[in-house]
There are 2 protein chains.
Amino acid sequence: MARITVPQGTQPIPVQGTQVVRRVAALLRMIGRKPGGMSLPGLVRETELTRPTVHRLLASLAAEGLVDHDAASGNWILGPEVFLLGSVAAARFSFDELARPGLRRLAEETGESAFYSIVRGRETVCVLREEGTFPVRSFVLHEGVRFPVGVASAGMVILAFLPKEEREEILADWDEHAGSFGAGHTLEIVRKGLAETALRGYSVNPGLVLEGSWGMGAAVFDRDGRPVGAVSMTGIEPRFRAERQPFLGKLLLEEAHRITAKLQG
Amino acid sequence: MARITVPQGTQPIPVQGTQVVRRVAALLRMIGRKPGGMSLPGLVRETELTRPTVHRLLASLAAEGLVDHDAASGNWILGPEVFLLGSVAAARFSFDELARPGLRRLAEETGESAFYSIVRGRETVCVLREEGTFPVRSFVLHEGVRFPVGVASAGMVILAFLPKEEREEILADWDEHAGSFGAGHTLEIVRKGLAETALRGYSVNPGLVLEGSWGMGAAVFDRDGRPVGAVSMTGIEPRFRAERQPFLGKLLLEEAHRITAKLQG
DNA sequence: CCGCTTGGTCCACTTAGTGGACAATGCCCG
DNA sequence: CGGGCATTGTCCACTAAGTGGACCAAGCGG
């Protein structure tokens with residue numbers, strides 16, 4: 001009997017299981033990353049599965065309505081069943097209600113785009129976006145985008161406020177954890193960023209994901225004081241210069257606190 | 001190699017495949033039916049799988065965040081990943097934008113609760129609900145609820161306007177198709193209802209799902225003239241008496257036409 | 001025209017998944 | 001308070017379900 005390892009647990013807990021479930025979940029997550037979906041070869045590349053296997057799984061998923069095959073682009077995209085299940089699940093996870101007003105205020109007051117991301121296992125996932133008015137905008141971050149915890153401003157502030165043990169565990173094999181983001185986010189840079197973040201309360205990402213695309217983030221905590229999400233803003237470097245950072249940081253912290261209060265109340 | 005048959009196609013098309021995918025999809029749909037989730041025995045009963053199998057699949061799904069195990073009730077509910085994937089998929093399926101305003105108008109003008117359901121394979125799925133002001137309300141229908149096509153007012157009006165071939169195919173093995181709803185929805189009753197629906201344009205469900213819980217529906221069509229959804233209202237019998245039906249029907253048809261226009265435009 | 005990428009299918013091999021059986025816990029009722 | 005019953009959880013021998021190497025076809029660019 002095979003044992004699969006769970007991605008999110010503190011330790012990889014062996015779970016009796018269904019290889020297929022893990023693979024299917026991975027495929028759906030991959031496809032959900034980009035609104036335009038993913039091509040078969042793309043999925044094969046990123047999942048390290050063989051092409052026939054991916055193809056077969058996708059065909060089955062399509063038969064269930066969980067994915068669609070966009071005839072035009074040839075891409076695989078999330079299907080109607082995912083939407084339906086999601087809208088049922090949404091009753092339990094009403095982030096919109098929770099964070100939308102805050103993001104709107106941030107976007108209005110600053111002109112930058114504002115985001116709310118949540119923690120899922122060892123990743124952050126962007127769930128809400130509110131476009132700013134400033135005419136130059138970054139499209140690195142949008143709903144559905146996932147980063148390893150510690151990457152980008154939201155991930156950075158979350159990692160900074162995670163219990164020391166967990167943080168060190170993640171940093172222990174940082175390169176593997178960070179994957180392709182390791183290039184910009186070297187262990188050294190991240191450690192320095194974490195220290196500064198812990199001090200100020202908010203994080204600053206000086207274009208580590210994409211050069212010129214800056215970001216700042218503040219964490220949202222649950223009742224146990226555990227970071228479960230983050231408010232963040234992104235924009236171009238000139239809008240995130242040192243002199244403006246305290247202003248943006250203050251706003252971010254205010255909104256993060258407000259959301260934290262709502263969440264805990 | 002096993003061949004699985006696809007539930008929605010006109011004919012059961014053999015698909016090479018993944019038994020597990022079908023089972024997992026079935027489980028997720030089942031769990032998504034009720035906001036409070038489902039117990040393991042309940043799932044076992046309705047899926048005709050063995051308990052160990054259901055349990056193992058659920059455990060794997062939980063490890064992926066696709067389901068959660070509610071410690072209090074012991075029920076399995078849809079997990080955060082489903083919400084996340086759903087919110088990405090929502091970009092492609094914006095029924096809220098499409099139908100919400102119409103439902104709101106209906107609820108306000110009539111006092112009854114209004115719903116929007118869509119067709120998925122051979123089922124209708126309720127995706128939107130707008131509560132009416134009338135103090136006695138039925139809770140038979142809510143977001144996520146699925147009925148076989150032909151059952152309840154939405155299903156009835158959809159079946160009525162499906163191409164004759166498909167309609168007859170469904171009616172051919174009605175009892176199997178209708179399952180537990182066959183009790184109220186006998187072939188005879190349904191055929192009569194379909195005829196009347198085709199004539200008037202809107203359907204009337206005189207408490208076939210649950211005695212005293214009436215409903216009326218009007219269909220929404222895509223560019224090819226195929227019914228893809230339905231607007232419906234539910235309430236208690238006294239609110240759906242013969243003399244009020246033309247009034248309600250007219251409103252339903254108006255809103256259904258409006259949605260159809262939006263959809264096609 | 002040929003190399004290269006992509007989509008799709010086949011089928012022998014074997015591993016992953018299955019489910020009967022067992023154990024434990026909790027609850028109701030006589 | 002003990003026996004019946006429903007529920008959750010785990011084990012492991014068996015085998016059918018899933019895998020993936022191999023193959024074919026189509027499309028694209030040089």
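We use all heavy atoms of the structure for the numbers below, so side chains are in, but hydrogens, waters and symmetry mates are not. Remember, it's a predicted structure, so these values are computed and weren't measured experimentally. In the text below, chain A, chain B and the rest are named by the order of the sequence lines, each starting its count at 1.
- One cannot find a donor-acceptor pair under 3.5 Å joining the base of D/dG18 and the side-chain atoms of A/Arg56.
- Put simply, CG on A/Leu43 is 12 Å from P on C/dT6, counting in whole angstrom units.
- To the nearest angstrom, P of D/dG20 lies 11 Å from CD of A/Glu48.
- Relative ring orientation between B/His185 and B/Phe181 is described as perpendicular, the plane-to-plane angle rising above 60° on a 0-90° scale split at 30° and 60°.
- One can place CG of A/Leu58 at 15 Å from C1' of D/dG20, the figure rounded to the nearest angstrom.
- Side-chain contact check for B/Thr18 and A/Ser60: at least one donor-acceptor pair (N or O, by modelled atom type) lies under 3.5 Å.
- Comparing D/dT7, C/dT18, C/dG7 against the side chain of B/Arg45 picks out D/dT7 as the nearest.
- Rounded to whole angstrom, the span from the CG atom of A/Leu49 across to the C1' atom of D/dG18 amounts to 12 Å.
- Per the geometry, CG belonging to B/Leu27 stands 15 Å off P belonging to C/dG17, to the nearest Å.
- We find that A/Arg122 and A/Glu169 are joined by a salt bridge, their nearest charged nitrogen and carboxylate oxygen being less than 4.0 Å apart.
- B/Arg51 contributes a side-chain N or O that forms a donor-acceptor pair with the base of D/dG9 under 3.5 Å.
- Under 4.0 angstrom from either OP1 or OP2 of D/dA17 there lies no side-chain N or O belonging to A/Gln19.
- Between the CG atom of A/Leu40 and the P atom of D/dG27 there is a distance of 17 Å, given to the nearest Å.
- Taking atom CG of B/Leu57 as the reference point, atom C1' of D/dT8 lies 16 Å away to the nearest angstrom.
- By the 4.5 Å heavy-atom criterion applied to side chains, B/Trp76 and B/Met38 are not counted as neighbours.
- Nearer the 5' end of DNA chain C, as judged by each residue's closest nucleotide, is the contact made by A/Pro41, out of A/Val20 and A/Pro41.
- At D/dT19, none of the side-chain N or O atoms of A/Thr50 fall inside 4.0 Å of OP1 or OP2 (strictly under the cut-off).
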>> Between B/Leu57 and B/Arg23, is the side-chain contact (heavy atoms from CB on, under 4.5 Å) condition met? List the steps.
In response: CA-CA 8 Å; B/Leu57 291 175; B/Arg23 294 180 168 186; 3.9 Å; yes
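- Look at A/His55 and you won't find any side-chain N or O under 4.0 angstrom from OP1 or OP2 of C/dG7.
- The side chain of B/Arg23 lies closest to C/dT18 when the candidates are D/dT8, C/dT18, C/dT9.
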